[in-house]
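Within every chain, numbering begins at 1; the chains are lettered A, B, ... in the order of the sequence lines, protein sequences first and strands thereafter.
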There are 2 protein chains.
Amino acid sequence: MSLSPKALEAAHLIDRLDRLARAGEQEGRLNPVQWEALRYLARANRFSRKPAALADYLVSTRGTVSRTLASLEGKGYVARKPDARDRRSVDFALTRKGSKTLTRDPLLVLARNIEQATGGDATGLLDELRQTLRNAIARNQGRAFGACHTCRHFRAHVRRLTRTPHHCSLLDEPLSEADSRAICAEQEPTPA
Amino acid sequence: MSLSPKALEAAHLIDRLDRLARAGEQEGRLNPVQWEALRYLARANRFSRKPAALADYLVSTRGTVSRTLASLEGKGYVARKPDARDRRSVDFALTRKGSKTLTRDPLLVLARNIEQATGGDATGLLDELRQTLRNAIARNQGRAFGACHTCRHFRAHVRRLTRTPHHCSLLDEPLSEADSRAICAEQEPTPA
DNA sequence: GGACATGGTTGCTAGTCGAAATTAAGCCTT
DNA sequence: AAGGCTTAATTTCGACTAGCAACCATGTCC
């Protein structure tokens, strides 16, 4: 294998950093998956805050996610709400406590470290990581779970001067600015 | 908090990448900790291949590590050997099968992705990650587990023309070139 | 209306973790 | 050399988590 030692060491460092970040997670008795669930709920749009979508996102099973959410619900980090349109379905959302807890997200600590390390300009690092992720996703043919506005179904500015100027042509739903920056379970990258 | 969005996104990407890498770990029935144990044993010097050191490295407990190693031993990836000097202690080492398995390390896949993303020159990425790790370790006051030759106890080239030219002033042990590049549980960075 | 698909929960089993108790060995002081 | 303290590793125990598969309720399609 013609793998440069540098790339290998970079991979090693990424793993190590992530593990360090996760090590601090004993904090509020949250395990890594539970943190990820919180993060997901914080960033997902209102059509994607469902167990099934989260299961896809986590590459896990529905059963497991069901219990994860139940656990988080029990600790008061998330709350469930029935879906008005489909009575099989439920919506989850962060509670105030959940949002507050997220500010102690170990990933934030990592981010602060990066901030320091790069002297505030993480542009180069960011570009490379992004490209790396792109490769990784392509190889795994995993779902992207990208931002709404990068999706092929995103229609920008179809309703001017409203609070929901954008539109999703897949779900046929009006979208706010905030919506357009959220993670969407349905997101498919616009073909290059 | 004055945290740049870029640093935050970089942290997010690091986590995402690591999770992707770990996702492939179902492979040979090895869980993440077990992979890390294998990696550790591959890179640790011969004084550090002990359960206690591994426990520190993993920021875990000895009990857990004991079971992890027992499991790996059961599957034939590692073998134990009593320590001649201290009969309480045991040394672990990769078996041939363990070494072979490591070539399928999911981190290698990540490394290949980085290789692609950076066009082979991961120098900048590497520097930033390294600096980040340094910060993180400083904050966590965790042990460094750095390479032997970066240690304050490392004495280079004290025995010329031998197979063990270097020396560890802490353990008072001769060191080969290979030793000097291995991970050491006792490593303390040379003060800047 | 009946077959089938979909969203979610629950019973079961297996595996993991951390804390504490346990065993064995080394070290040190007298 | 005897007792007390420390250290290395393992084991036991209890709590949790994961995945699978069976299950229920609801929605959809012919």
Side-chain angles (χ1 to χ4, degrees), chain A residues 19 22-38 41 44 46-75 77-93 171 185-186, chain B residues 19 22-37 40-41 44 46-75 77-93 171 185-186:
Chain A
R19 220 161 42 62
R22 287 160 187 268
E25 289 177 0
Q26 325 286 10
E27 201 58 34
R29 292 305 99 121
L30 290 184
N31 72 26
V33 173
Q34 291 173 334
W35 276 112
E36 293 184 47
L38 290 189
L41 288 179
R46 63 184 184 282
F47 315 111
S48 307
R49 286 179 223 148
K50 300 178 174 306
L54 180 55
D56 286 350
Y57 180 69
L58 296 177
V59 196
S60 178
T61 65
R62 297 177 182 208
T64 299
V65 165
S66 175
R67 264 183 269 254
T68 298
L69 287 171
S71 166
L72 287 173
E73 190 184 17
K75 296 180 202 157
Y77 293 116
V78 305
R80 83 175 58 210
K81 201 185 54 161
D83 180 326
R85 305 185 188 191
D86 184 338
R87 274 184 302 170
R88 291 170 304 178
S89 189
V90 278
D91 281 311
F92 280 88
L171 305 174
E186 310 294 346
Chain B
R19 216 159 47 62
R22 288 160 187 269
E25 289 178 0
Q26 324 286 10
E27 202 57 33
R29 290 305 100 121
L30 291 183
N31 72 25
V33 174
Q34 291 173 335
W35 276 111
E36 293 183 43
Y40 177 83
L41 289 178
R46 63 182 181 282
F47 315 110
S48 307
R49 286 183 272 228
K50 298 177 178 309
L54 179 56
D56 287 350
Y57 180 70
L58 296 177
V59 196
S60 177
T61 66
R62 294 175 185 213
T64 300
V65 164
S66 177
R67 269 176 301 213
T68 298
L69 288 171
S71 165
L72 287 173
E73 190 184 18
K75 296 180 203 158
Y77 293 116
V78 306
R80 81 174 59 210
K81 201 184 55 165
D83 180 326
R85 306 185 186 188
D86 185 339
R87 272 182 304 167
R88 292 170 303 178
S89 189
V90 277
D91 281 312
F92 279 88
L171 305 173
E186 310 292 346

Atom-pair distance ([atom1] on [X]; [atom2] on [N]), nearest Å:
| X | N | atom1 | atom2 | value |
| --- | --- | --- | --- | --- |
| L54(A) | dG8(C) | CG | P | 10 Å |
| K50(A) | dT9(C) | NZ | P | 11 Å |
| E73(A) | dG8(C) | CD | P | 13 Å |
| D83(B) | dT7(D) | CG | C1' | 13 Å |
| L72(B) | dT16(C) | CG | P | 10 Å |
| W35(A) | dT17(D) | CH2 | P | 14 Å |
| D56(B) | dA8(D) | CG | C1' | 12 Å |
| F47(A) | dG7(C) | CZ | C1' | 18 Å |

- Item | Interatomic spacing from CZ in R67(A) to OG1 in T61(A) - rounded to 0.5 Å | 8.5 Å
- Message: Going by side chain to side chain donor-acceptor pair (under 3.5 Å), D91(B) matches just one of R49(B), K50(B), K81(B). Which one?
- Response: K50(B)
Taking only residues two or more places apart in sequence, or in another chain, which ones meet [X] in a side-chain hydrogen bond (donor to acceptor under 3.5 Å, both in side chains)?
| X | answer |
| --- | --- |
| R46(A) | D179(A) |
| R88(B) | D86(B) |
| S60(A) | none |
| S71(A) | Q34(A) |

- Distance check: side-chain N/O of Q34(A) vs OP1/OP2 of dT17(D), anything under 4.0 Å? yes
- Message: At less than 4.0 Å, is any side-chain N or O atom of N31(A) found next to OP1 or OP2 of dC16(D)? Yes or no.
- Response: no
- Tell me which nucleotide among dA9(D), dG8(C), dG19(D) gets nearest to the side chain of S60(A). dG19(D)
- Message: So if I take residues 61-70 of chain A and measure heavy-atom distances to DNA chain C, which residues fall below 4.0 Å?
- Response: R62(A), G63(A), S66(A), R67(A)
- Does the side chain of Y77(B) come within less than 4.5 Å of L30(B)'s, by heavy atoms? yes
- Sequence neighbours excluded, the answer for salt bridge (charged side-chain N to carboxylate O under 4.0 Å, His left out) partners of R80(A) is E73(A)
- Item | Under 4.0 Å protein heavy-atom contacts per nucleotide of nucleotides 22-30 of chain D, with B for base, S for backbone only and - for none | ---BBS---
- Task: Could I get the full list of side-chain contact (heavy atoms from CB on, under 4.5 Å) partners for R62(B), not counting sequence neighbours?
- Result: A52(B), A55(B)
